[in-house]
Structures are given as C-alpha cells and as structure tokens.
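Contents: one structure, followed by commentary.
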2 protein chains.
Amino acid sequence: MLTETPNATSRVEVLDRLRSLCLEHGLERLAVDLGELIGIVQDDLVQLEIELDELRGGERLSERAAAHLLTQGGKRLRPLCVLLAARVGSGSSRPAIDLAVAAELVHNATLLHDDVVDLATERRGHVAARAEYGNAASIFAGDWLLIEALQRVRRAAVPGTLDLLLQVIAEMIRAESLQLECRGRLDTRRDVYLDIAEGKSATLFGWALRAGAAAGGLGPAGCAALGDFGRHLGLAFQIVDDLLDLTGDPAVTGKALFTDLREGKMTYPLLVALERDVDLRAHVERVLDYARLGQEPSLDLCRIVQRRLHESGAVAESQTLAAAEIGRARACLAALPASEATRALELVAEATLHRRH
Amino acid sequence: MLTETPNATSRVEVLDRLRSLCLEHGLERLAVDLGELIGIVQDDLVQLEIELDELRGGERLSERAAAHLLTQGGKRLRPLCVLLAARVGSGSSRPAIDLAVAAELVHNATLLHDDVVDLATERRGHVAARAEYGNAASIFAGDWLLIEALQRVRRAAVPGTLDLLLQVIAEMIRAESLQLECRGRLDTRRDVYLDIAEGKSATLFGWALRAGAAAGGLGPAGCAALGDFGRHLGLAFQIVDDLLDLTGDPAVTGKALFTDLREGKMTYPLLVALERDVDLRAHVERVLDYARLGQEPSLDLCRIVQRRLHESGAVAESQTLAAAEIGRARACLAALPASEATRALELVAEATLHRRH
C-alpha cells in the first residue's frame with residue numbers, strides 16, 4: 001500500500017532544494033553558504049530520515065495512514081531547526097535527534113487531523129492519507145504520531161522540553177479551533193488572524209528552536225533567544241505560506257491554487273486586500289460559493305482575485321510583514337556568539353522568505 | 001450552548017446509582033457495603049467533579065465540544081479506581097486527584113474521537129458532541145483533553161505513570177485501529193476480539209489502578225497487583241458493555257439497542273453466537289444492511305437476534321467469561337493486605353459484573 005520507498009540519505013535533498021531555490025532567485029552567495037550548512041547537519045538529517053522510516057511497516061490502518069504522509073517528504077524544516085539550534089550549543093546528540101524527530105511528528109500529526117477537518121483530498125502533491133485510508137484511520141494516525149512524539153521528548157529528558165511541548169500542542173489546538181470558527185468569515189480581524197498564525201505555526205517553530213538549544217546545553221538566555229527566533233521565523237513561514245496559496249505556482253508548491261481559500265481559511269494577504277478593496281469581497285464570495293458546490297473557481301476568477309491582491313498592495317504588505325518577522329528573527333541571533341550554526345540559521349531564515357514551496 | 005450545569009457534589013450519585021443497582025439485583029449486603037465505600041472517597045470525588053467543571057467555560061469550539069461531553073455524567077469508574085487504589089496505600093493526595101482527573105480525560109478524549117469515527121449521533125443519552133459542534137470540533141476537543149490529561153500526569157510527578165500512560169494510549173489507538181479493520185467482519189476471531197478489548201478498555205483500567213497505587217506509595221508488587229486487577233476488571237467491563245449493547249434496556253443504558261452492532265463493531269457474545277449458530281449470520285447481515293441504509297432494524301429482527309444469542313448459549317458464555325475476569329481481578333487483591341480500600345475495590349468489581357448501564 002505504501003507508494004514510496006524513500007532512500008534516507010537522499011533526503012538531504014531538502015537542503016539541496018533550498019540551494020537550488022537560492023540560485024533561481026539569483027542568490028548565489030546564499031546558495032554557496034547553504035552548501036556549507038549541509039555539511040554541518042548532514043549526518044543528523046540522515047539519522048532523522050532513518051528514524052522516521054522506522055515508523056513505517058506497521059500493519060494497522062492507523063500506522064499505514066501515518067506512514068503514507070511521513071514518506072511523502074515535506075520540508076523537514078522543524079527538525080532542521082532543532083538540529084541547528086543544538087549546534088549553536090554543544091552540537092549533535094541522541095536527545096537532539098529525538099527532539100528533531102518529535103518536532104516533525106507533531107507537525108505531521110496536526111496535518112493528519114487538519115486534513116480530516118478540511119476534508120482535504122491532496123497533501124504534498126499526493127493523495128491525502130484520509131482520502132486513501134479514510135477519516136477514521138487518519139484521526140487515529142494523528143493520535144499515534146502525537147504519542148510517538150511525546151515518547152521521544154520524554155526519552156530525550158531535556159529539562160523543560162516536555163512541559164513546553166504540551167503547552168505548545170494545547171496552543172496549536174486552540175488556534176486550529178479558532179481558525180475553524182473563522183472559516184469563511186471575510187470580516188476576520190488581522191489581530192485574530194495573527195493569534196491563529198502564532199498559535200498554529202509560530203509556537204511549534206519556537207519549541208523546535210528552544211528545545212534544540214536546551215539539548216545543546218545553552219543557558220536560559222540562549223534558549224530564550226533561539227525560541228524567539230523560532231517564533232518570528234514561524235510567523236514569517238506562515239505568511240509566506242499564505243502568499244503561496246494565493247499567488248504561488250501549483251507545479252512548485254504541490255498544492256492547488258486557493259486551496260486554503262476554498263477551505264474558508266482566512267489568510268493575511270486576503271484580509272489586507274479585503275480591507276483595502278471593497279469590490280474584492282464579491283469575487284471572494286464567488287470562490288467560496290464554488291467551493292461549497294465542490295467546484296473549482298474559473299481561471300478568470302482566480303486571475304481577478306490575484307490581480308486585486310497585487311493591486312491593493314496586499315501582497316506587498318504581506319511580503320513586508322514576512323520580511324520584518326525574518327528581520328526580528330535574525331536580530332534574536334545577535335544575542336548569541338556568532339558561529340557556523342548561527343550563520344546557518346540566518347540562511348534558513350533568509351531562504352524561508354524566498355521559498356516557493 | 002451548554003445544556004447542563006451539574007452540581008459537583010451531586011455527582012457522588014455515581015456511587016448511589018451503583019448502590020441502587022445492587023438493591024434492584026437483591027444484593028442488599030453489597031448495597032450496604034457500598035454505602036461505606038462512599039464515605040471513603042466522597043471528598044475526592046467531589047474534588048474530581050470540581051476539577052472537571054473547571055474545564056468548562058472555554059470559548060473555543062473545541063473547548064465547548066469537550067465540555068458538552070464532560071458535563072453529561074458518565075460513570076467516573078476510572079477515576080474512582082485511581083482514588084481507591086491510592087487508598088490501598090497512603091490515601092488521598094494532590095497527585096492522586098490529578099491522576100484521577102487524567103484517567104477520566106483520556107477516556108473522554110477517546111470517546112470524542114470514536115464518535116467521529118463511528119459517525120455517532122448519541123452518547124450518554126444525549127446528542128453526541130460531534131453532532132452538536134461538528135466533527136472538526138470533536139477531533140480538536142479530543143486532542144485537547146488528551147493534552148490536558150498528560151499535563152496533569154506530568155504535574156502529579158508520580159514515577160512511572162507518565163511513561164506508562166503514553167504506552168497505554170498508544171495501545172488504545174492500535175486497538176481502535178484494529179477494531180476499525182474488523183468492522184462488519186463477522187468472521188473476526190475471538191483472540192482478535194480479545195486483543196481489541198484489552199487494548200481499548202483493559203489497558204486504561206490497568207493504568208488507573210496502577211497509577212493510583214503508585215500515588216499511594218505502594219511498592220512494585222502492590223502496583224503490579226492492582227494493575228492486574230485493573231486489566232481484569234477492564235476486560236470484564238468491556239464484555240458486560242457488549243452484553244448491554246445486545247441485551248440491555250435502552251431506557252437504563254441510555255444507548256439504543258445494537259448501537260455497536262450497527263456500527264459494525266464485533267462484540268464477544270455476537271462472535272460466540274455466530275460460531276455456534278450458523279443461521280444467525282443471515283440475520284446479523286440484515287441488521288448491518290439496515291445500518292448501511294441508515295435505518296433501524298425492525299423490532300422483530302432484534303428479537304430474533306436476541307433470542308439466538310440466548311439460545312446459542314453465547315450470552316451465558318459471555319457472562320461466564322466476565323465473571324471469570326472479575327474472579328481473576330479479585331484474586332489479584334489477595335496479594336495486598338486487606339483494608340477498607342481493598343474491600344471497596346472488590347465491591348466495585350462485583351458491581352461491574354451486575355451493572356445495567
């Protein structure tokens with residue numbers, strides 16, 4: 001039933017892809033530097049993939065649904081953050097790898113539940129686990145990955161990380177629930193959007209960085225600085241995600257245009273554009289009407305919405321906010337002694353801003 | 001939106017109900033003894049209800065869905081087990097109450113997810129949370145209660161209890177997934193049924209007793225004995241649950257007859273009867289056919305299935321197995337010094353066998 005047999009070592013391609021992206025963007029310097037970055041955490045990332053692969057092979061429907069999602073790649077950005085944060089301190093360790101795996105598992109657990117909530121049919125360019133194995137299996141799969149994550153954090157025994165992760169997951173659930181309540185509500189306020197984005201995305205990035213820092217033996221100030229870096233990075237990541245939903249290239253993102261919008265999820269550029277362009281609302285309502293009927297919006301309608309997003313300045317304003325968050329993230333690094341690892345984190349932040357998938 | 005405002009103190013009625021049940025069954029001695037039992041844990045049970053009530057009042061849809069279920073009563077049997085096990089040792093304590101609340105929360109978390117999986121419309125004689133607040137809210141509500149439970153176990157800081165609970169939840173998920181795979185499969189083997197019943201029911205009872213014992217300061221032998229007591233009690237509880245689904249009085253159980261069967265859940269009496277009565281299969285298939293069409297089976301059909309369950313000896317055999325499990329549970333108590341608390345646990349075991357809801 002499993003559709004892919006990934007070669008663990010090939011997954012360092014995650015970093016290769018980041019590098020190609022920089023080259024496409026004319027960021028040659030960044031690309032060269034990312035090459036060095038690969039060297040820092042290559043072994044850890046290989047180990048990460050080996051341990052994720054070990055979760056495959058279970059017979060239960062829940063295990064197969066989870067494996068279905070886990071083996072379809074993903075950017076592995078959260079575990080990369082854990083591993084780099086650990087290297088700001090004393091470097092690689094068994095606990096750091098456990099925490100990195102846990103970060104990826106929590107992320108995947110939320111995707112499995114979200115796809116049921118959103119009745120999603122695709123994920124990462126493949127059929128969604130819930131569409132292949134059913135909603136029930138996808139729910140249990142999410143539950144299972146959550147427990148697997150917590151067991152690893154428990155085993156890592158890095159002070160503070162388990163309690164913080166429990167708080168973070170509670171916050172993620174609260175934010176997902178708030179997002180559900182705002183579904184299709186074009187009058188959602190920006191501060192409510194930011195509450196959702198921080199809860200569903202920024203907190204787990206914050207945990208990844210802080211937990212990695214703690215595994216690397218950093219003190220409270222270092223952990224706090226990296227945790228803050230993570231939250232800013234996570235918020236920027238989410239806003240870029242929003243932009244990709246509305247203006248990205250589906251062939252690159254692996255996700256149909258307006259997927260979030262059609263699920264009624266309010267995104268930052270959309271809310272800004274709706275504030276600025278009173279005529280946009282009717283067009284967006286039409287997209288939602290199509291979605292309610294299970295139909296795709298016409299290409300013309302998509303283009304109208306996209307044009308208005310650009311012309312209202314909402315795209316530019318969203319890019320500015322994402323860039324500002326990346327700036328704040330980088331400023332957090334200033335509290336730490338410069339090292340190869342802090343430089344790598346800066347590059348990750350920069351690449352996040354320019355990512356196209 | 002909340003339909004009930006329970007008075008925390010009134011919930012000691014859980015024990016009162018157990019007592020009435022004994023009286024109805026002509027078990028006067030048991031009823032009198034249960035009266036004493038109420039005295040032992042009354043204050044703890046009141047505190048339990050206060051703490052469950054504190055989870056109400058959240059604004060989020062997930063919180064309201066969880067509160068909807070939590071405020072509709074339930075037997076509170078798992079927390080009662082935690083509290084009594086603690087009293088086998090040094091008695092009531094802050095950690096024991098945290099663990100008792102956690103046991104109830106994990107149970108409710110699984111119900112919230114199960115109801116989505118089963119597309120259930122009713123629970124505990126009321127509209128199911130997923131029917132009132134939607135599947136999405138019910139999924140997030142289950143996630144939330146799970147995290148709330150784990151936070152309490154973490155705070156209780158009783159050695160071994162968190163790791164064991166994580167294992168137990170993983171086992172519950174595996175069993176639920178296996179149950180899903182056996183849905184509607186009338187050829188499910190008894191050993192597979194027992195694997196499911198132990199995973200989904202016995203393990204959490206086992207944890208409740210063992211965790212309570214550890215909170216009460218018992219040593220490894222005492223914890224193991226009470227953990228074993230719990231697993232046998234839990235398996236008996238499940239088999240009685242199965243019997244109630246097929247032969248219970250809906251006015252007392254608060255659950256329509258054949259609810260499990262119509263969801264395709266294989267129960268012990270049914271599997272035994274199918275083995276013994278080759279003509280039963282066609283009737284059961286008809287019940288499942290009705291269920292697929294969203295229709296109730298006719299009263300006649302129900303009576304035919306019930307009669308064959310009795311006449312094949314499957315009901316008696318299931319009662320015998322439940323009684324044997326209760327016997328094994330009671331035997332586990334022999335390893336412990338006799339006390340008011342061990343006597344209370346014996347009574348809970350006896351009442352579980354005779355319960356009618």
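Each chain gets a letter, A, B and so on, in the order the sequences are listed, and its residues count up from 1. Just so it is clear, the model here is predicted, and its values are computed rather than measured.
Using a 4.5 Å cut-off between heavy atoms, A/Leu178 contacts chain B through both its backbone and its side chain. In this structure, chain A has heavy atoms under 4.5 Å from both the backbone and the side chain of B/Leu61. Both the backbone and the side chain of B/Glu176 have a heavy atom closer than 4.5 Å to some heavy atom of chain A.
Residues of residues 194-205 of chain B never come within less than 4.5 angstrom of chain A, heavy atom to heavy atom. Residues of residues 164-175 of chain A lying under 4.5 angstrom from chain B, judged on non-hydrogen atoms, are A/Leu166, A/Gln167, A/Ile169, A/Ala170, A/Ile173, A/Arg174 by number. By a heavy-atom distance cut of under 4.5 Å, B/Ile147, B/Leu150, B/Gln151, B/Arg154 are the residues of residues 147-159 of chain B near chain A, going up by number.
Environment of CZ in A/Arg94: crowded, with over 12 heavy atoms of neighbouring residues, nucleotides or ligands closer than 6.0 Å. Heavy-atom contacts from other residues, nucleotides or ligands closer than 6.0 Å to CZ of A/Arg190 number more than 12. Other residues, nucleotides and ligands place no more than 12 heavy atoms under 6.0 Å from the CZ atom of B/Arg185. More than 12 heavy atoms of other shown residues, nucleotides or ligands fall within 6.0 angstrom of atom CD in A/Glu122.
Taking the side chain as every heavy atom from C-beta outward, B/Asp114 and A/Phe140 approach each other to under 4.5 Å.
When the candidates B/Asp163, B/Val116, B/Asn135 are compared by the number of heavy-atom contacts under 4.5 Å with chain A, B/Asp163 comes out ahead. When each of A/Asp118, A/Leu162, A/Leu146 is scored by its heavy-atom pairs under 4.5 Å with chain B, the top score falls to A/Leu162.
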Side-chain atoms of residues 101-113 of chain A: list all donor-acceptor pairs with protein atoms under 3.5 Å, sequence neighbours left out, distances to 0.1 Å.
from	atom 1	to	atom 2	distance (Å)
A/Glu104	OE2	A/Arg76	NH1	3.0
A/Glu104	OE2	A/Asn108	ND2	3.1
A/His107	NE2	A/Arg78	NH1	3.3
A/Asn108	OD1	A/Arg124	NH1	3.1
A/Asn108	OD1	A/Arg124	NH2	3.4
A/Asn108	ND2	A/Glu104	O	2.7
A/Thr110	OG1	A/His107	O	2.6
A/His113	ND1	B/Asp143	OD1	3.2
A/His113	ND1	B/Asp143	OD2	2.8
A/His113	NE2	A/Ile139	O	2.7
A/His113	NE2	A/Asp143	OD1	3.3

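Within the 3.5 Å criterion, the main-chain N or O of B/Ser62 finds a donor-acceptor partner in the side chain of A/Ser177.
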